[in-house]
Amino acid sequence: MRSTMQDVPLLISRILTHGSTIHGKSQVTTWTGESEPQRRSFAEIGSRAAQLAHALRDLGIGEGDATGTLMWNNAEHVEAYLAIPSMGAVLHTLNLRLPPEQLVWIVNHAANRVIIANGSVLPLLAPLLPRLPTVEHVVVTGPGDRAPLAGAAVQVHEYEELTSGRPTTFDWPQLDERAAAALCYTSGTTGDPKGVVYSHRSVYLHSMQVNMAESMGLTDKDTTLVVVPQFHVNAWGLPHATFMTGVNMLMPDRFLQPGPLAEMIESERPSHAAAVPTIWQGLLAEVSARPRDLTSLHSVTIGGAACPPALMEAYDKLGVRLCQAWGMTEMSPLGTTSNPPGGLSDEEGWPYRVKQGRFPAAVEARLIGPDGSVLPWDGESAGELEVRGPWVAAAYYGGAHTSGEEQLVRPDEKFSEDGWLRTGDVGNISSEGYLTLTDRAKDVIKSGGEWISSVDLENALMAHPEVAEAAVVAVPDDRWGERPLATVVLKEGATADYAALKAFLARTVAKWQLPERWAVIQEVPKTSVGKFDKKVIRKRYADGELDVTKV
Ligand code: AMP
């Protein structure tokens with residue numbers, strides 16, 4: 001028997017058309033740092049996306065062309081998110097915090113011909129242009145001196161001049177739902193960055209998942225503060241998901257410091273927000289020093305790195321509920337979300353909230369032990385997590401320029417023979433399907449044949465009242481192979497008493513896991529997307545730059 005159902009492709013142009021009509025009154029509000037933010041309705045965004053598509057077509061952008069954005073979170077970036085894939089081109093978000101060498105590599109690898117950039121990032125982009133031979137046009141938007149582009153061997157356009165006066169509708173093509181829609185390179189701590197190419201279908205299905213109550217579950221009554229950058233895995237899918245259900249967006253633009261974030265929460269009263277733990281740590285310090293009203297925030301999606309339970313508790317006290325999510329660039333990014341099962345009291349739900357969470361139906365998971373066997377979901381057996389699903393990568397982008405023909409790359413360490421994605425994350429899964437990650441495979445501390453979780457030690461340390469942040473890394477040890485080194489950032493006015501910190505840890509951590517090497521640092525080094533950058537700490541230790549005390 002054949003199905004009798006229609007086979008309509010799942011396209012981003014559908015999300016755009018739906019959002020800008022049915023939810024035409026919803027708004028994207030962009031923080032300007034001035035008395036009034038910029039407000040734009042979804043209907044306006046839809047019209048302007050059509051105008052942008054006309055403009056890009058006139059610049060020669062066609063189906064399959066990777067088109068770069070070097071932008072903060074703002075309304076124009078949302079327009080690019082909708083216009084570029086809908087016209088059949090590929091939205092390529094460029095991470096403006098990457099080292100220049102990596103940016104050059106990525107733009108060349110993707111062969112971008114057009115880059116849309118915010119005026120404020122031109123001092124970063126302009127010096128790189130002589131090394132970006134494929135870039136023909138730079139389209140500039142928002143405040144910032146244009147002078148850095150003077151004399152550049154590219155055509156420079158003002159976004160508003162280029163787009164205004166053009167038709168406000170576009171005959172969006174009927175694409176194959178499996179066609180490329182967006183491209184994002186992993187922040188890659190080792191080797192060259194790797195490009196993940198999302199399809200219309202994967203973005204569409206992922207957006208529906210983001211909108212499910214078990215994930216972010218937002219509606220047009222909500223406003224979400226999208227702190228997670230649009231260059232970090234498509235801002236966790238929010239710009240597309242919000243257009244599906246009319247969720248208002250509050251965009252911080254370049255104002256990502258704790259002070260302005262607190263101010264925009266207080267004045268715009270978003271009901272939801274999404275950001276990595278370091279942002280919430282910074283905001284907590286800010287509101288502890290200068291109390292602000294954060295009570296509009298009913299729920300917060302926190303992910304990208306493990307959320308310290310102490311942080312969750314601190315926000316619970318402020319009436320803000322942090323909900324942990326786990327995912328990765330290769331997963332669009334949504335994997336698990338940590339909502340407790342139904343019917344539990346707050347107290348009973350707590351142990352579930354501090355885990356990484358449950359898998360949605362579309363994401364299958366398995367744990368692989370050190371000997372390659374599939375491990376049981378018993379909440380104890382620890383192995384490497386592998387996943388598969390319709391928004392999970394099956395390969396990396398091989399580059400436009402390699403041989404004329406595009407190639408896909410499937411490194412063995414990233415993909416199993418039978419097609420599952422190897423996440424590089426280590427942990428266990430309970431019989432109820434809750435994932436607990438204990439570490440990245442490369443961060444776990446292998447001491448005398450046993451594994452010590454650096455994340456467990458960090459979480460325990462960050463629960464100490466005098467510790468602002470803590471990062472634990474493996475360092476070589478003659479006797480045990482590796483041992484933990486605890487680096488801590490103390491709160492203002494606190495003094496280092498390592499013996500006391502160690503005794504504090506001993507209350508929750510097995511004795512053989514307690515670090516004997518300690519160092520105070522001014523700040524935990526962070527990656528371009530705000531995660532702890534442990535390779536920098538390991539290098540500082542190896543180079544003898546840390547003042548290490550043995551306790
Ligand atoms: P990225 O692709 O840069 O977003 O990095 C993905 C990686 O971030 C994952 O493989 C995890 O190691 C880590 N990660 C993301 N979310 C979490 C979380 N909630 N808890 C622990 N690690 C996380």
Side-chain angles (χ1 to χ4, degrees), residues 93 95 97-98 102 106 182-191 193-198 206 215-216 227-238 274-281 300-309 311-312 322-339 352-359 363 365 367 382-387 391-393 396 413-415 420-429 434-444 453-459 462 471-472 526-535:
T93 50
N95 180 340
R97 296 219 184 85
L98 282 185
Q102 279 194 28
I106 287 171
L183 168 61
C184 187
Y185 282 78
T186 59
S187 31
T189 43
T190 51
K194 298 183 186 70
V196 177
V197 186
Y198 312 101
H206 181 264
S215 297
M216 299 189 207
V227 185
V228 52
Q230 288 186 256
F231 54 75
H232 185 200
V233 217
N234 301 322
W236 299 350
L238 278 164
V276 293
T278 49
I279 293 280
W280 299 107
Q281 296 274 21
V300 161
T301 305
I302 181 166
C307 173
L311 189 64
M312 235 178 236
L322 303 187
C323 176
Q324 182 158 202
W326 162 85
M328 53 198 300
T329 306
E330 290 86 339
M331 298 179 69
S332 302
L334 202 58
T336 60
T337 326
S338 206
N339 290 305
Y352 294 92
R353 288 181 60 202
V354 296
K355 296 178 189 295
Q356 269 63 31
R358 271 195 294 206
F359 295 91
V363 178
L367 287 173
E384 183 181 350
L385 178 66
E386 296 190 353
V387 291
W391 56 80
V392 178
Y396 293 109
E413 75 276 12
K414 290 304 232 166
F415 299 97
W420 292 59
L421 172 74
R422 297 190 157 133
T423 65
D425 287 326
V426 172
N428 64 64
I429 302 178
Y434 279 84
L435 170 71
T436 302
L437 288 184
T438 44
D439 237 322
R440 290 289 288 164
K442 62 180 187 315
D443 290 336
V444 79
S453 159
S454 65
V455 175
D456 281 355
L457 292 175
E458 287 161 7
N459 284 346
M462 285 192 269
V472 178
K526 311 275 175 6
T527 68
S528 64
V529 288
K531 305 183 190 194
F532 286 5
D533 198 342
K534 295 195 183 179
K535 73 175 184 316

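Counting starts at 1 for both ligands and their atoms, following the listed order. The analysis underlying the following values was restricted to heavy atoms, covering all of them including side chains, and did not include hydrogens, waters or symmetry mates. In this text the structure is predicted, and so the values were computed from the model without any measurement.
Taking all atoms of both residues into account, the shortest heavy-atom contact from S338 to C323 is O-SG, 3.9 Å. Nearest heavy atom pair, residue W391 against residue L334, reads NE1-O, 3.0 Å. Residue C184 comes nearest to T93 through the heavy atom pair SG-OG1, 4.3 Å, listed as atom of the first residue, atom of the second, then distance. Residues A325 and T301 approach most closely at CB-CG2, 3.9 Å, considering heavy atoms.
Summarising the contacts of atom 19 (N) of ligand 1 with A325, A306, P333, the nearest heavy atom is found in A325. Looking at R440, M331, M328 and measuring to atom 6 (C) of ligand 1, the nearest heavy atom belongs to M328.
Here A305 has backbone heavy atoms under 4.0 Å from ligand 1, and that is the only part of it that gets that close. Contact annotation: for D425 versus ligand 1, heavy atoms closer than 4.0 Å belong to the side chain alone.
The shortest distance between side-chain heavy atoms of V444 and T438 does not fall below 4.5 Å.
For V387, the side-chain contact (heavy atoms from CB on, under 4.5 Å) partners are W326, M331, F359, V363, A365, L385, V392, L421, T423, not counting sequence neighbours.
Using modelled atom types, one finds no donor on one side chain facing an acceptor on the other under 3.5 Å when comparing D443 with S454.
Ligand 1 places these atoms under 4.0 Å from at least one heavy atom of Q324: 18 (C), 19 (N), 20 (N). Close approach of ligand 1 to H232 is summarised as follows: ligand atoms under 4.0 Å from at least one heavy atom of the residue are 3 (O), 4 (O). Ligand-side atoms of ligand 1 in range of T329: 1 (P), 2 (O), 3 (O), 4 (O), range being under 4.0 angstrom from any heavy atom.
A heavy-atom separation below 4.0 Å is not found between G424 and ligand 1.
When only interatomic distances are considered, the shortest N/O to N/O separation between C307 and ligand 1 does not fall below 3.5 Å.
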